[in-house]
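To start, the structure under review is shown below, and the notes come after it.
From a predicted model like this one, the values you see are computed outputs, not experimental measurements. Quick note: residue numbers are just sequence positions, from 1.
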Amino acid sequence: MSTPQTLLLFASIFTVAGSVVGVVASLKIRRVRFLLREGSTARGVVTRLEETRIAPASDSGGTSRSVGTTVYYPVIAWSTGDGRAMETRTNIARPKDRTLRVGARVEVRYDEADPSRWILPAEGTAFWWLFTVLGALFVALGLGFAIGGLS
């Protein structure tokens, strides 16, 4: 494979991957902002922590400091405005010393039409902005490879 072809291959990979990551993160930010602006508010309590161990991503033989680390997903009990009892698990796991403790009271924002769409306002959008920037960086790298492959 010649150098221009290799650069165009890298351009395709980085541009597509960056676009997907950026779009998914942007949609998540949009959803969070909608729930913060339009969602109903409920009071919840952390009832338990779901423990999980970080496993290797594949059998590639690579190592990571995180592999084998135990992380925890807080499970939150709360009720909708019409009295439906909900028990939901956060999407972000953290080490025990950096996660919500059992018994902690939290604010939940949810979509009345679909209470399975909910967030903890305290988590905000910073995590998703990081992935949006990462996606943009990959797209920029892909375009750089494309320019190099075409010149």
(message) So does T69 get a backbone contact from the side chain of R53, meaning a donor-acceptor N/O pair under 3.5 Å?
(response) no
(message) Looking at T15, is its backbone amide N or carbonyl O close enough to the side chain of S19 to form a donor-acceptor pair, meaning the two atoms are under 3.5 Å apart?
(response) yes
Taking a hydrophobic cluster as the set of Ile, Leu, Val, Met, Phe, Trp and Tyr residues connected by side-chain heavy atoms closer than 4.5 Å, whether directly or through intermediates, do [X] and [Y] fall within one such cluster?
{"X": "I92", "Y": "L134", "value": "yes"}
{"X": "L130", "Y": "V32", "value": "no"}
{"X": "M86", "Y": "V106", "value": "yes"}
{"X": "W128", "Y": "I119", "value": "no"}
{"X": "I13", "Y": "F138", "value": "no"}

(request) Start with the C-alpha distance between T88 and V108, add both sets of side-chain angles, then the distance that settles side-chain contact (heavy atoms from CB on, under 4.5 Å), and finish with yes or no. (result) CA-CA 10 Å; T88 50; V108 175; 5.8 Å; no
Minimum-distance pair of heavy atoms, taken over all atoms of [X] and [Y]:
{"X": "R109", "Y": "E107", "value": "CD-OE2, 3.4 Å"}
{"X": "P4", "Y": "G149", "value": "CB-O, 3.4 Å"}
{"X": "G18", "Y": "V139", "value": "C-CG2, 3.7 Å"}
{"X": "A146", "Y": "A11", "value": "N-CB, 3.4 Å"}
{"X": "A25", "Y": "T132", "value": "CB-OG1, 3.3 Å"}

(message) side chain to side chain donor-acceptor pair (under 3.5 Å), that's the test. Do E112 and S40 meet it? Break it down for me.
(response) CA-CA 6 Å; E112 281 188 25; S40 296; 2.5 Å; yes
When you compare the side chain of [Y] with that of [X], does any pair of heavy atoms fall below 4.5 Å?
{"X": "T70", "Y": "K96", "answer": "no"}
{"X": "L35", "Y": "D111", "answer": "yes"}
{"X": "S79", "Y": "R84", "answer": "no"}
{"X": "V46", "Y": "L49", "answer": "yes"}
{"X": "T125", "Y": "K28", "answer": "no"}

Can you list everything that forms a ring-ring contact (aromatic ring centres under 6.0 Å, His included) with [X]? Sequence neighbours excluded, please.
{"X": "Y110", "result": "W78"}
{"X": "F131", "result": "F127"}
{"X": "F10", "result": "F145"}

(message) More than 12 heavy atoms of other residues, nucleotides or ligands under 6.0 Å from CZ of R30: yes or no?
(response) no
(request) Using a strict cut-off of less than 4.0 Å between a Lys/Arg side-chain nitrogen and an Asp/Glu carboxylate oxygen, indicate whether E38 and R33 qualify as a salt bridge. (result) no
(request) Determine, step by step, whether L120 and L100 satisfy the side-chain contact (heavy atoms from CB on, under 4.5 Å) criterion, reporting the C-alpha distance in whole Å, the side-chain angles of both residues, the deciding distance to 0.1 Å, and the verdict. (result) CA-CA 11 Å; L120 297 178; L100 295 167; 4.0 Å; yes
(request) Let me see the working for R43 and R105 under side-chain contact (heavy atoms from CB on, under 4.5 Å), right down to the final yes or no. (result) CA-CA 7 Å; R43 295 283 172 207; R105 302 215 178 269; over 6 Å; no
(request) For R101, check side-chain contact (heavy atoms from CB on, under 4.5 Å) against everything at least two apart and list the hits. (result) A104
(request) Mind checking side-chain contact (heavy atoms from CB on, under 4.5 Å) for T52 and listing every partner two or more places apart, or none if nothing turns up? (result) V71, Y73
(message) For the CG atom of L141 and the CG atom of L137, what is their distance to the nearest 0.5 Å?
(response) 5.0 Å
(message) Please report the interatomic distance CZ(R48) to CZ(R89), rounded to the nearest 0.5 Å.
(response) 10.0 Å
(message) Can you list, by chain and residue number, the hydrophobic cluster partners of V75 when the side-chain cut-off is 4.5 Å?
(response) none
(request) Could you please spell out the steps behind the side-chain contact (heavy atoms from CB on, under 4.5 Å) verdict for T47 and E87? (result) CA-CA 9 Å; T47 57; E87 186 174 73; 3.6 Å; yes
